[in-house]
Structures are given as C-alpha cells and as structure tokens.
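The structure appears below as structure tokens.
Start at 1 and go down the list; that is how both ligands and their atoms are numbered. Residues take their numbers from the sequence shown, with the count starting at 1. Just so we're clear, the structure is a prediction, and the values are computed from it rather than from any experiment.
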Amino acid sequence: MSEQTKTETAAPKPTSFHDTAEELIFERSRAGRVGYRFPALDVAETKLESLLPGTLLRDDIEGETEVSEVDVIRHFTRLSKLNMSIDSGLYPLGSCTMKHNPRINEAMARREGFAYSHPLQPEHQVQGSLELIWLLEQTMKEIFGLPRVTLQPVAGAHGELTGILMVRKALAKQGNPRKVILIPDSAHGTNPASAAFAGYTTKELKSNSHGTLDLDLLEREVTEDVAALMLTVPNTLGVFEGQITKIADILHRKGAFLYCDGANLNSFVGIARPGDMGVDVIHSNLHKTFSTPHGGGGPGAGPVGVAESLVPFLPAPTIERRDDGTFYQDFNRPDSIGRMRAWNGNFGVLVRALTYMRSMGGEGMRRMAEIAVLNANYIRARLKDAYHLPYDDPSLHEVVFDDKTQLANDVHTLDIAKRLMDFGFHPPTIYFPLIVPGALMIEPTESEPKEELDAFCDAMLAIAREAKESPELVKSAPHTTPVRRLDEARAARQPILKWTPSR
Ligand SMILES: *Cc1c(COP(=O)(O)O)cnc(C)c1O
C-alpha cells in the first residue's frame with residue numbers, strides 16, 4: 001500500500017458501492033453465458049448453405065458479448081451510479097442552474113400530439129403545437145418586458161448570436177453596421193465568441209472594485225464604432241448591475257444597443273423586467289431558469305426578446321395568431337435575419353419549459369427567484385468565515401468564494417473541488433469567473449431543501465478544517481471515486497467512446 005492510499009482511512013465513507021477502480025471492470029463477458037434461449041424449432045430446419053454462399057457464413061461472432069440478464073442489468077445500473085446527477089444530490093455548478101427537473105414536464109413532452117407531430121404537417125393539423133409556441137412567446141414577453149420573442153435559438157450562445165445578428169442588421173439598415181462590441185471582464189465566456197462570430201471585434205471593459213461596470217470607463221469607450229454592449233445580468237460574480245438604466249442611457253445616446261445576457265434569470269424572474277431597464281435585446285436559457293434538463297451538450301433553448309426597434313429583424317418564420325384564433329407561421333418578413341434553426345427550435349424543450357411556467361404560475365416563479373437568492377445567501381453566510389469572499393457586494397442566485405485562505409497550506413481550489421466529491425457532492429464551478437483567481441462559484445438553486453444545503457456547508461467547513469490540519473488529505477482527493485484525478489484535457493479531447501472486446 002502506498003503512502004497516499006493509507007491516508008484514505010480518514011476519508012468519509014464512499015457514497016457509491018465502488019471502493020476501488022478494480023471493481024469497475026468493464027468486461028463482463030464470460031464464454032458460454034447466455035441471457036436468453038430460443039424455443040426449440042417447431043418448423044423444418046432450413047440449411048443456411050442453401051440460402052447463402054458458404055464463404056459468407058460463420059459459426060461464431062468474434063468477440064461477441066456473452067452475458068446473462070442479471071449481468072446486463074447490474075452492469076448498466078452500476079454505470080448509471082458512477083455519475084453525479086441532480087437526481088442524486090445537490091449540484092451547485094455556478095452559472096449552470098442545475099435545478100430539479102419536474103417530472104410533469106416529461107409527461108407533457110411525451111404526449112402523443114406533441115411527441116409525434118411533424119414540422120412538415122400542414123398548419124391545420126398542428127394548431128396545438130403552434131399555439132404552444134405562441135403561448136410560450138407571450139409568457140417570455142411578459143417575463144422580459146419586451147414586445148417580441150423568438151424561440152428558434154437552441155442554446156444560450158445561439159441566442160447571443162441571434163441577438164447580435166439582429167443588432168448588426170438594424171445598424172446596417174441605418175447605413176453602418178459598426179465594428180466593436182464592448183464586453184465587461186465579468187461577462188460569460190460565450191459573449192466574446194458570439195460577437196466575433198457575428199463579425200465584430202470585441203473590447204474588454206475592466207470591472208470596478210465592486211465587480212460591476214465602471215460608468216466613466218463606459219462613457220469613454222462608447223464611440224460611433226460601438227454596436228452594442230453585452231452585459232451579463234446578474235454578472236458572473238452573482239452581482240446585479242445596479243446602474244443598468246444609466247448604462248442603457250449612455251449607449252442609446254451614441255446609437256448603440258444594450259444586449260443583456262439573461263441566461264441566469266433565476267435570480268430576478270417575476271421581480272424585475274429587463275425591458276423596463278432599457279435593455280434592447282436579451283436571451284435567456286430555458287434549460288437553466290425554466291427547468292428543462294441540460295448538461296452534456298443536450299438539447300436546450302435560448303429564446304431572445306427584442307425591443308420594438310429590432311422586431312423587423314427577428315428570425316423567420318414568426319408564429320402569429322389570426323383574428324379567428326387560429327395560428328400560422330409568418331414567412332413574409334422582408335428584414336428578417338433569416339432562419340437560425342431548422343423548423344421551430346427544440347420543440348420538446350419548449351413543451352417542458354411552458355409546462356414548468358404554467359405549473360409554477362407567475363407568483364410561483366417570483367417565489368422561485370426569491371428562494372434561489374435566499375439559498376445562495378444562506379450558503380454565503382455559513383461559509384464566509386472559512387472561505388474568502390473576493391467581492392463583498394450582495395449576492396443574488398450564486399456566491400463566489402476563492403481559495404485565498406486555503407493557499408496558506410498550499411490547498412488550491414481544484415483540491416477543494418475534488419475533496420467535495422468524497423462527501424458525495426458535485427463540485428461547484430471552479431476557476432470561473434476569470435476575474436477571480438481560484439474562484440469557487442456556488443449556485444444551489446431554489447430546489448434544495450435546507451438539510452441538503454446544511455450537508456453541503458458542513459462538508460465545505462470540514463474541508464476548510466482539513467486544509468489546515470491535514471492538507472495532504474485534501475490535496476490527494478478524491479479518495480472514494482472510481483477514477484481519481486484525470487488528465488482533463490486528454491479526457492475531453494481523446495474520449496474513448498467505443499467498447500472494444502478484450503478477446
Ligand atoms: C450558460 C450561460 C451561457 C451559455 O448558454 P449555453 O446554452 O451553454 O450556450 C451564456 N451566458 C451565461 C451567463 C450563462 O450562464
């Protein structure tokens with residue numbers, strides 16, 4: 001036993017039933033083992049050679065898996081337990097809003113009328129699906145406080161691109177698309193990528209000591225070359241841009257647009273409306289705030305709301321209601337930026353999100369935001385003596401700590417995150433936002449009961465104690481997971497996705 005594995009005796013009990021990687025052997029096949037036997041033939045046997053040339057026939061499939069039913073069930077059940085998920089516990093991945101996905105959403109998305117409708121069906125056969133999109137647009141309009149919303153974009157970043165392309169087209173129509181998009185250093189990382197994709201150069205604005213936008217700096221930087229500012233609200237420190245109406249004024253005076261990255265609407269939905277703050281264009285993520293499942297690059301939706309000045313440029317088709325109450329797709333939009341997606345976006349995600357909104361109701365969504373903020377602040381209050389808070393401004397739906405205190409014992413954010421897994425928790429977002437070195441970005445969401453928040457805080461406090469008293473224990477974590485510290489770059493770039501038989 002190595003020195004390192006000896007320290008494992010002090011680790012908490014594993015939460016999965018695997019103690020060692022050896023138990024994870026993927027190869028379960030045993031020669032001659034079967035899961036199913038065909039009944040005896042009750043018809044005359046046909047010789048295969050009479051149907052196919054002998055050279056095409058073989059007696060055995062080389063490397064074929066030979067397993068029993070119980071082998072198969074246990075194999076897949078075991079694999080399903082190797083991952084952490086929101087269904088097994090708190091998943092405090094800041095900025096990602098990993099909240100519970102209510103099962104009624106799934107029941108609605110599976111209803112035959114929705115699940116089996118086809119986008120090429122004639123409009124009179126899919127009135128219900130068109131009405132659903134229209135209703136969701138009405139709801140998002142109310143939430144954004146803006147006159148129109150497109151539901152075509154299938155991710156937050158896709159919404160950003162859609163929004164900036166509309167800004168570009170609006171400015172081009174006035175004679176000059178301009179060149180620059182301003183982006184604060186506290187913005188989400190997708191913002192500069194989307195702006196560049198839409199043909200702009202980006203300029204970073206340094207945040208002030210509160211982690212918010214410096215208005216004097218903005219005033220200096222907004223020239224006739226600036227098309228828009230992309231402002232993440234609340235920003236990635238979980239701090240609200242309290243000066244947002246002044247920010248909008250500064251931009252509008254120079255003919256520039258205010259783009260709001262509202263991916264994380266969880267913090268103020270039903271409490272404040274971006275449209276009332278002077279925002280011209282905003283996207284939000286249905287797969288965060290509105291509880292549709294996400295992660296692993298699965299389907300999402302990033303609806304974009306626009307002010308009156310951008311309505312003509314919305315992606316086509318839009319979904320419209322006739323005076324007689326029927327619905328249709330309007331392709332006759334001469335100034336549209338065109339399609340951003342085949343058909344009408346990720347329809348199944350739209351069904352889930354509208355189900356969530358309707359089951360919560362307006363009051364329910366407001367309460368959801370209040371509890372999301374309360375939960376983040378509960379964690380902040382319990383951990384702030386043990387972990388350093390780089391920005392002291394009030395937190396909304398997430399709280400950002402760093403590893404400054406623990407660095408005294410050479411314990412880093414990565415070590416803390418890995419050690420959390422030994423306690424059965426998915427780690428928070430780490431090393432983001434970039435303006436906080438060693439950031440630990442914690443977002444509990446409203447769907448966690450107090451006991452789960454307490455268990456998480458207890459684990460974080462235990463790790464802070466360990467960092468002082470036995471730093472090696474933290475630095476060599478995780479001790480209880482099937483795999484320990486991976487080469488993350490290689491795991492992402494050279495994933496082994498195919499099973500190859502060992503024989
Ligand atoms: C998640 C997120 C995005 C990107 O959303 P995707 O659906 O992953 O493209 C953009 N901005 C913020 C603030 C986010 O949290």
TODO: Taking the side chain as every heavy atom from C-beta outward, state whether L213 and L231 have any atom pair closer than 4.5 Å.
DONE: yes
- [ ] Would you check if M441 and S95 make a side-chain contact, meaning some heavy-atom pair closer than 4.5 Å?
- [x] yes
Task: Set of ring pair (Phe, Tyr, Trp, His ring centres under 6.0 Å) partners for F268, sequence neighbours left out - done: F240
Kindly list each side-chain donor-acceptor pair under 3.5 angstrom involving residues 242-249, sequence neighbours excluded, with atom names and distances?
| unit_1 | atom_1 | unit_2 | atom_2 | d |
| --- | --- | --- | --- | --- |
| Q243 | OE1 | K246 | NZ | 3.4 |

List the atom pairs, with distances to 0.1 Å, where a side-chain N or O of residues 356-363 and a protein N or O form a donor-acceptor pair under 3.5 Å, not counting sequence neighbours.
| unit_1 | atom_1 | unit_2 | atom_2 | d |
| --- | --- | --- | --- | --- |
| Y356 | OH | K99 | NZ | 3.3 |
| S359 | OG | T355 | O | 2.9 |
| S359 | OG | Y356 | O | 3.1 |

Task: Contact residues of ligand 1 (heavy atom under 4.0 Å), by chain and number - done: S95, A155, G156, A157, E160, H188, T190, T232, D261, A263, N264, N285, H287, K288
Task: pair L218-E221: side-chain heavy atoms closer than 4.5 Å - done: no
